[in-house]
Amino acid sequence: VSQDLTEAVEWYRKAAEQENVNAQFELGFMYALGNGVAQDYVLAHMWLNLSVAQGHKDAREGRDLVAERMTSEQIASAQRMAREFSNR
């Protein structure tokens, strides 16, 4: 993993936690692809789902593609994490 990708993840995470819709989208894809982080479909789905909720135009398709690779338990976990993030 390149240092640039690792640093990008950190900046995207900071912005995503401040509810920046584009950062949530980008962070979701970084988790989906394993760019700069270990691949994690649950976290990818969570960030993409949060981006969908804010109206990002491409996030729904990305989230649905990630969901195709997940079990129903993983999807439920990602949805729970997104709700918890939104309710913080």
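We use all heavy atoms of the structure for the numbers below, so side chains are in, but hydrogens, waters and symmetry mates are not.
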Under the ring-ring contact (aromatic ring centres under 6.0 Å, His included) test, residues paired with Tyr12 that sit two or more places apart: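 With neighbours one apart ignored, the set is empty.
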Shortest non-hydrogen separation from Ala16 to Ala23 and the atoms involved: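 Residues Ala16 and Ala23, closest heavy atoms: N-CB, 3.6 Å.
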Non-hydrogen atoms of Asn35 and Val9 that approach each other most closely: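 What the structure gives for the nearest pair is O-CG2, 3.6 Å.
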How long is the span from the [atom1] atom in [X] to the [atom2] atom in [Y], to the nearest 0.5 Å?
X: Glu61; Y: Leu48; atom1: CD; atom2: CG; result: 11.0 Å
X: Tyr41; Y: Leu65; atom1: OH; atom2: CG; result: 10.5 Å
X: Gln24; Y: Glu17; atom1: CD; atom2: CD; result: 10.0 Å
X: Met30; Y: Leu5; atom1: CE; atom2: CG; result: 5.0 Å

Do [X] and [Y] have side chains that get closer than 4.5 Å, going by heavy atoms?
X: Leu33; Y: Gln39; result: no
X: Arg63; Y: Val66; result: no
X: Leu50; Y: Met46; result: yes
X: Glu19; Y: Gln54; result: yes
X: Met81; Y: Leu43; result: yes

Are any side-chain N or O atoms of [X] and backbone N or O atoms of [Y], one a donor and one an acceptor, separated by less than 3.5 Å?
X: Glu10; Y: Glu7; value: no
X: Ser51; Y: Val21; value: yes
X: Asn49; Y: His45; value: no
X: Ser86; Y: Ala82; value: yes

Parallel, tilted or perpendicular: rings of Phe85 and Trp47 (30°, 60°):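 Judged by the thresholds at 30° and 60°, the geometry between Trp47 and Phe85 is perpendicular.
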Verify same cluster id: Phe29, Val52 (apolar side-chain graph, 4.5 Å):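 Looking at the clustering, Val52 is in a separate group from Phe29.
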